[in-house]
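Right, one structure below, let's go through it.
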Amino acid sequence: MESNTFQQGVTIWNYRDVKMPKLLFSRIRLYEFKDLMPNMKRPRRIDIVLNCRRKKDIQCVSVQKCNDETYSSKLSCQTDHKLHLEKLLKDKKYLAAFRSFLQSEFSEENIEFWLACEEFRLTTSSEDLQWRAEKIYREFIQPTACREINVDQHIREKIKQALEKPSVSCFDEAQKHVYLLMERDSCPRFLHSNAYLSLNRKSRTLWYL
């Protein structure tokens, strides 16, 4: 290796003779490192992540709100029918119109059975309980009865066994079942019938007068 010396005593080396350090990565290592790059996951921007989460939260809230409104609507509808049926059964004019409506649909046995049970509850004499319970059973409960109501078989069996020593509550389960049938099925149709709308209109007119 050659060198040049000046008068000041400073030595300058020839750069051609200086050996450079070897590279840390060879060409093969560099290509391997590039091949790994596509498999590496890029970090997601925080604003994009937050926007996606915010959209999902809004969608969840919207779906929950829709479900709540649907449930509230159904619950309100059921409550209205229940209140209307209670009103029909207490008002003589509406009750007469409701009975006529059920007769037109060939389902008057439900209201007739319900009224018979209400009258049966007022019975105080044990002798009257016996024959009245048997009469109601023959007319509405037993198979092939002239006004047979639609109740489950186990309810029929319980009533039949109760006839040996009847009480004022022996028809309660069947009466509740029939009431729910009228509340869910017959009453909503009656509230949209011409008979109810006409009677309701007349009642409002009399109230204004």
Side-chain angles (χ1 to χ4, degrees), residues 64-126 128-204:
Q64 183 65 32
K65 184 179 179 181
C66 181
N67 292 336
D68 293 342
E69 290 177 353
T70 303
Y71 175 77
S72 300
S73 178
K74 290 182 178 179
L75 185 62
S76 176
C77 184
Q78 293 176 357
T79 305
D80 291 343
H81 293 162
K82 183 177 181 180
L83 294 175
H84 279 297
L85 184 57
E86 292 178 358
K87 177 182 177 181
L88 295 177
L89 298 176
K90 292 179 180 179
D91 191 287
K92 292 183 179 180
K93 293 182 179 180
Y94 284 101
L95 177 58
F98 187 47
R99 292 175 75 174
S100 299
F101 174 78
L102 293 179
Q103 289 176 0
S104 67
E105 291 196 337
F106 304 99
S107 60
E108 70 274 10
E109 68 275 1
N110 291 329
I111 187 63
E112 298 297 338
F113 172 74
W114 190 89
L115 293 173
C117 291
E118 288 295 296
E119 185 178 356
F120 178 76
R121 286 183 177 182
L122 302 177
T123 306
T124 56
S125 173
S126 58
D128 292 340
L129 278 175
Q130 186 68 45
W131 69 265
R132 287 184 177 179
E134 293 177 355
K135 180 182 178 183
I136 292 175
Y137 178 81
R138 290 194 303 268
E139 187 175 359
F140 299 102
I141 305 299
Q142 75 176 7
T144 68
C146 59
R147 294 182 176 183
E148 183 181 359
I149 60 174
N150 184 17
V151 291
D152 297 334
Q153 183 63 29
H154 76 277
I155 297 179
R156 298 179 191 273
E157 293 297 330
K158 288 175 64 175
I159 295 175
K160 186 177 180 180
Q161 295 175 5
L163 290 178
E164 298 178 0
K165 191 177 181 180
S167 64
V168 293
S169 60
C170 64
F171 295 107
D172 284 359
E173 189 173 0
Q175 186 185 19
K176 182 180 179 180
H177 181 76
V178 167
Y179 183 92
L180 292 176
L181 286 177
M182 293 190 295
E183 179 182 290
R184 297 172 183 172
D185 185 36
S186 303
C187 185
R189 292 199 306 273
F190 174 69
L191 296 178
H192 292 86
S193 66
N194 293 330
Y196 173 79
L197 296 175
S198 178
L199 184 60
N200 195 34
R201 194 179 302 110
K202 291 180 181 179
S203 300
R204 291 182 178 180

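- A donor-acceptor distance shorter than 3.5 angstrom exists from the side chain of D91 to the backbone of K93, with no hydrogens or angles considered.
- The shortest side-chain heavy-atom distance between L191 and N200 does not fall under the 4.5 Å cut-off.
- A heavy-atom distance below 4.5 Å is not found between the side chains of N110 and N150.
- The existence of a salt bridge linking R99 and E112 is confirmed by a sub-4.0 Å separation between a basic side-chain nitrogen and an acidic carboxylate oxygen.
- Scanning all heavy atoms of the two residues, the minimum distance from A116 to I136 falls at O-CD1, 3.9 Å.
- Side-chain atoms of H84 and Y196, non-hydrogen and from C-beta on, do get closer than 4.5 Å to each other.
- A 4.5 Å side-chain heavy-atom check between L89 and Y179 finds at least one atom pair inside the cut-off.
- Between H192 and L197, the shortest heavy-atom distance links the atoms O-CD1, 4.1 Å.
- Minimum heavy-atom separation, A97 to F190: O-CE1, 3.6 Å.
- The two residues I159 and C170 come nearest to each other via the heavy atoms CG1-O, 3.6 Å.
- When all heavy atoms are compared, the tightest approach of A145 to E139 is CB-O, 3.4 Å.
- Using a 4.5 Å heavy-atom cutoff, the side chains of L181 and H177 are in contact.
- The shortest distance between side-chain heavy atoms of E148 and C146 does not fall below 4.5 Å.
- A salt bridge is defined here as a Lys NZ or Arg NE, NH1 or NH2 lying under 4.0 Å from an Asp or Glu carboxylate O, and E157 with K160 fails to meet this definition.
- Taking OG from S100 and CD1 from I111, the interatomic distance works out to 11.0 Å, rounded to the nearest 0.5 Å.
- Note that CD of Q175 and OG of S169 are 11.0 Å apart. Values are rounded to the nearest 0.5 Å.
- From C187, atom SG reaches atom CG of L102 across 9.5 Å, with rounding to the nearest 0.5 Å.
- The side-chain heavy atoms of L85 and F98, taken from C-beta on, include a pair separated by under 4.5 Å.
- The aromatic rings of F171 and F113 sit perpendicular to each other, their planes meeting at more than 60°, with 30° as the lower class boundary.
- To the nearest 0.5 Å, atoms NZ (K135) and CG (D128) are separated by 11.5 Å.
- For the atom pair Q130 CD and S125 OG, the distance stands at 10.5 Å (nearest 0.5 Å).
- The side-chain heavy atoms of D172 and R121, taken from C-beta on, include a pair separated by under 4.5 Å.
- With E108 contributing its side chain and F101 its backbone, the two residues share no donor-acceptor pair below 3.5 Å.
- Remark: R189 engages D185 in a salt bridge, criterion side-chain N to carboxylate O under 4.0 Å.
- Between E109 and F140 the shortest heavy-atom distance is O-CE2, 3.8 Å.
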